[in-house]
Amino acid sequence: MAINDPTLRAVLDEIIPPAADGSFPGAGLPSVAERVQQAIAEDSELAAEFGTGFAALAELVSADGSETFPEMPPTARTEAITKLSEQAPDFFAKLLSCTALAYYQEPSVVTALGMEARPPFPEGYEVKPWDASLLEPVLTRPPFHR
Amino acid sequence: MTKPAADKNEKVDVLIIGAGAAGAAFAWSLADTRMNILCLEQGQWMDPASYPTAGTDWNARGHGDFALSPNERKRPEDYPVNDNDSPISAAMFNAVGGSTITYAGHFPRFHPSDFRVRSLDGVADDWPMDYATLAPYYAINERMMGVAGLLGDPAYPPRSDADDNPLLPPVPLGKLGEVVADGFNRLGWHWWPSNSAIATQEHDGRAACINLGPCTTGCAQGAKASTDITYWPAAMRRGVRVKSGCRVREVTVNDAGMADGVIYYDEDGNECRQEAEVVVIACNGIGTARLLLNSRSKLFPDGLANSSGLVGRNLMLHPYAMTQGLFEQRMDGYKGPTGCGLMSHEFYETDRRRNFVRGYSFEILRGVGPVTTALWGMNAGLVPWGQGHHEAFDAVFDRTAGLLAICEDLPELNNRVTLDAALTDSNGIPAAKIDYTVSENTRRMLDHGVARANDVLTAAGAVATASEAPWKIAGWHLMGTARMGSDPANSVVNEWGRAHDVKNLFVIDGSIFVTAAAVNPTNTIQAMALYIADQIKDRLETLFD
């Protein structure tokens, strides 16, 4: 099932909010939300869990007297997500992992981490040759195999 | 309805089931005989261009279609394993190349003492062969696979083949490895650059390693020695055939109790029959037991080759103690082969002053990518969701170094593979269930490994450590479930891999291990497969006597 996009994006921004200093975007980026939606679309069990989880969230929103999650005041949104984490811990664990999987492959995030936003292959990485003098203490050791 | 295979079901001389580490080495060696040799493999040929490191989602795919556990990965060619009653999950890969596609490539030999544990330490049993017997086969295997490392390790005997069989230069330690090596040095403990099945320079048509990082999701560069790019091309040039996408359901027997072939499902789900003069099983320590137990007949009602009742028993998994050290500095840990760098055998041999017998080896685990860091950190409670997430993530990302203690678990009857009563694979074949309990001896070894890893990492400058022992995900060394020996009452196969009960049936994978040693087993699995192939070649005239 597809989750309402503004709601999903607002939830993702609660899980991983933008950094206060602007160095990292929040997980509510459209591209991150799209990856989460894709994961849900490819896994019927996950889709069912998200369906149940977001229905529970909708009830929390309604109980707060709000129309939608994105319209709630910031503190109320955080409170609702906290309640959701307590009421549906298994779903919430899935929500966290889906968010992490989608967010930490986002090129702007990878760049902000100090990595190059590219596949490892074919360029690879340079690792300097090791310092063979490190092994000198071991080389003085007599054989100890049996 | 069973039907002939598409290629007219020609009866073959030798049918190998499983195209992984053992099946490939065995096929290549037995090709000397010019016999008609066919290998059936349930997985497919892999396309290195499809490996995760060729895409920006490389880290996420390691938790998806390249996850360690077949239960998570759920590829069509995977079979599920019920591991609910084991603290360690089963991990294997199904493809031409088997789990060498996804192994770390750490490639040590066993120690001479590993073959003599009863004589030396009074536990388990001695192997029916010794290190000296296997040494020439290690040498052949290391040449075929292409091994990087450094001679002169005081933990091992000198190699007589050293001049003829030079090692490739060691895998670079990287910043992380040098920091941990310094920790070992400060304590005066042994360490040594890993023996790695990784081409650190061009070797036999393989490109040199370019430090992609996660070797455990396949090597897009082709530097890591998986058997689809080492043994299989050489074996196929010598006439051996491989049929992928073929999942064997059972080995069949004739009225005389000899194996006469197999029934398998092709990739379209058709039930097919393949006849053979000799059947060789190379399906790993879980898959082999599962196949034998599924091969029930009037003559073998408890499963094939199981008159001893030992098929599936004595499962050994190498429980790991995984300790992560947290450092203040960035470690560049995502650069370089994940599991290869350095090893330590300081606590390998039995020391009666400790409260356990046998021992363990240490290996470093390089750092992980951002996705894995986030999953681990959030799961461990180190990285919160919401406010404070970025600060907490920054405090752990690329600031960890792992130290893995690989513990020798002794064979125990109750650690076993059975058939699950309900779970099946996609062809309806009963799945394996594993029951595994960490013994008191192993528990003490794990605790010792955690404490000593803490010592090393702290000496290296770690500001905090965290451990998981046994490491849940690490059931990738599968051994012991069809053990070898001279006594048919106490073993499944004889000293050269032939089933005691069925004289044209061989088992050549880690199932036949008598004990587990405390290092990664692939080099020994392949050396054993080469040894058994030579034993067969030497006995062709009397093979079934």
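Computed from heavy atoms alone, side chains included, the values below leave out hydrogens, waters and symmetry copies. Letters A, B, ... mirror the listed sequences (proteins, then strands); counts begin at 1.
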Any idea which heavy atoms bring B:Leu167 and B:Gly149 closest together, and the distance? CD1-C, 3.6 Å
I'd like to know which of A:Thr78, A:Asp13, A:Ile16 tops the heavy-atom pair count under 4.5 Å against chain B. A:Ile16
Heavy-atom cut-off 4.5 Å, strictly under: side chain, backbone, both or neither for A:Pro137 against chain B? side chain
One option among B:Gly55, B:Gly174, B:Pro52, B:Ala374 has the most heavy-atom pairs under 4.5 Å with chain A, and it is B:Gly55
Tell me if a side-chain donor or acceptor on B:Asn211 pairs with a main-chain N or O of A:Glu126 at a distance below 3.5 Å. no
With a 4.5 angstrom heavy-atom cut-off, which part of A:Pro142 approaches chain B: side chain, backbone, both or neither? backbone
Would you find more than 12 non-hydrogen atoms of other residues, nucleotides or ligands less than 6.0 Å from A:Lys94 atom NZ? no
What residues of residues 338-348 of chain B sit under 4.5 Å from chain A when only non-hydrogen atoms are counted? B:His345, B:Glu346
Going by the rule ring pair (Phe, Tyr, Trp, His ring centres under 6.0 Å), which residues pair with A:Phe92 if we only count those two or more places apart in sequence or in a different chain? B:Trp385
Considering only heavy atoms and a distance below 4.5 Å, find which of A:Leu139, A:Val110, A:Leu96, A:Leu101 pairs most often with chain B. A:Leu101
Considering only heavy atoms and a distance below 4.5 Å, find which of A:Glu106, A:Glu123, A:Glu14, A:Arg141 pairs most often with chain B. A:Arg141
Decide, yes or no, whether a salt bridge links B:Arg186 with B:Asp182 under the criterion of side-chain N to carboxylate O below 4.0 Å. yes
Chain B heavy atoms under 4.5 Å from A:Thr99: which part of the residue, side chain, backbone, both or neither? neither
